[in-house]
Amino acid sequence: TDELIPYVEHTYRISPGRRHHEIAGASLGSIAAYRIGFQHPQQFSSVGIFGGGSYPGEEQETRAWLAAIPAEYKPFVFVNAGAVATP
């Protein structure tokens, strides 16, 4: 977050600031997205989780990250996960 965000803001025409910064990922990338987004809520207004979910065994830590986020920094979270097919 300390290197990539400044690089993107400098290289591309995007608006600076949390309001205009979102993070998202698909599958394993969704794990990285929620980890970064929930641990750095002052930098991201939204977190997108596509085709993934909480990493097994990390549920308690994820709950702790969410509980620690101050009300003014609670991100909008979009989750898109399908059902597991059973025979």
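As a member of the Ile/Leu/Val/Met/Phe/Trp/Tyr network built from side-chain separations under 4.5 Å, Y12 groups with L4, Y7, V8, I14. Apart from F50 itself, the hydrophobic cluster it occupies contains F76, F78, where clustering links Ile, Leu, Val, Met, Phe, Trp and Tyr at side-chain heavy-atom distances under 4.5 Å.
With sequence neighbours excluded, no residue forms a side chain to side chain donor-acceptor pair (under 3.5 Å) with R18. With sequence neighbours excluded, the residues that form a salt bridge (Lys or Arg N to Asp or Glu O under 4.0 Å) with E58 are R35. For Q60, the side chain to side chain donor-acceptor pair (under 3.5 Å) criterion is met by R63, not counting sequence neighbours. Annotation: side chain to side chain donor-acceptor pair (under 3.5 Å) contacts of T62 (sequence neighbours excluded): none.
Of the inter-residue distances, the one linking H20 atom NE2 with E9 atom CD reads 10.0 Å to the nearest 0.5 angstrom. Taking CD of Q43 as the start and CD1 of I5 as the end, the distance is 4.0 Å to the nearest 0.5 Å. In this structure, NE2 in H10 is found 14.0 Å from CZ in R13, a value given to the nearest 0.5 Å. For the atom pair E61 CD and L66 CG, the distance stands at 11.0 Å (nearest 0.5 Å).
Under the ring-ring contact (aromatic ring centres under 6.0 Å, His included) criterion, the residue pairs touching residues 27-48 are Y34-F38, with sequence neighbours excluded. Among residue pairs with one or both ends in residues 21-30, none qualify as salt bridge (charged side-chain N to carboxylate O under 4.0 Å, His left out); sequence neighbours excluded. Here salt bridge (charged side-chain N to carboxylate O under 4.0 Å, His left out) pairs that include residues 38-54, with residues two or more places apart or in two chains, number zero. Each salt bridge (charged side-chain N to carboxylate O under 4.0 Å, His left out) pair with one or both residues in residues 44-55, not counting sequence neighbours, would appear here, but there are none. Screening residues 40-54 for salt bridge (charged side-chain N to carboxylate O under 4.0 Å, His left out) gives no qualifying pairs among residues at least two apart or on separate chains. Pairs passing the side-chain hydrogen bond (donor to acceptor under 3.5 Å, both in side chains) check and including a residue from residues 67-80, sequence neighbours excluded, do not occur.
Heavy atoms only, all atoms of each residue included: I23 and A33 are closest at CG2-O, 3.7 Å. Heavy-atom minimum distance, S30 versus G25: CB-O, 3.3 Å. Counting all heavy atoms, side chain and backbone alike, T1 lies closest to P6 at O-CD, 3.7 Å.
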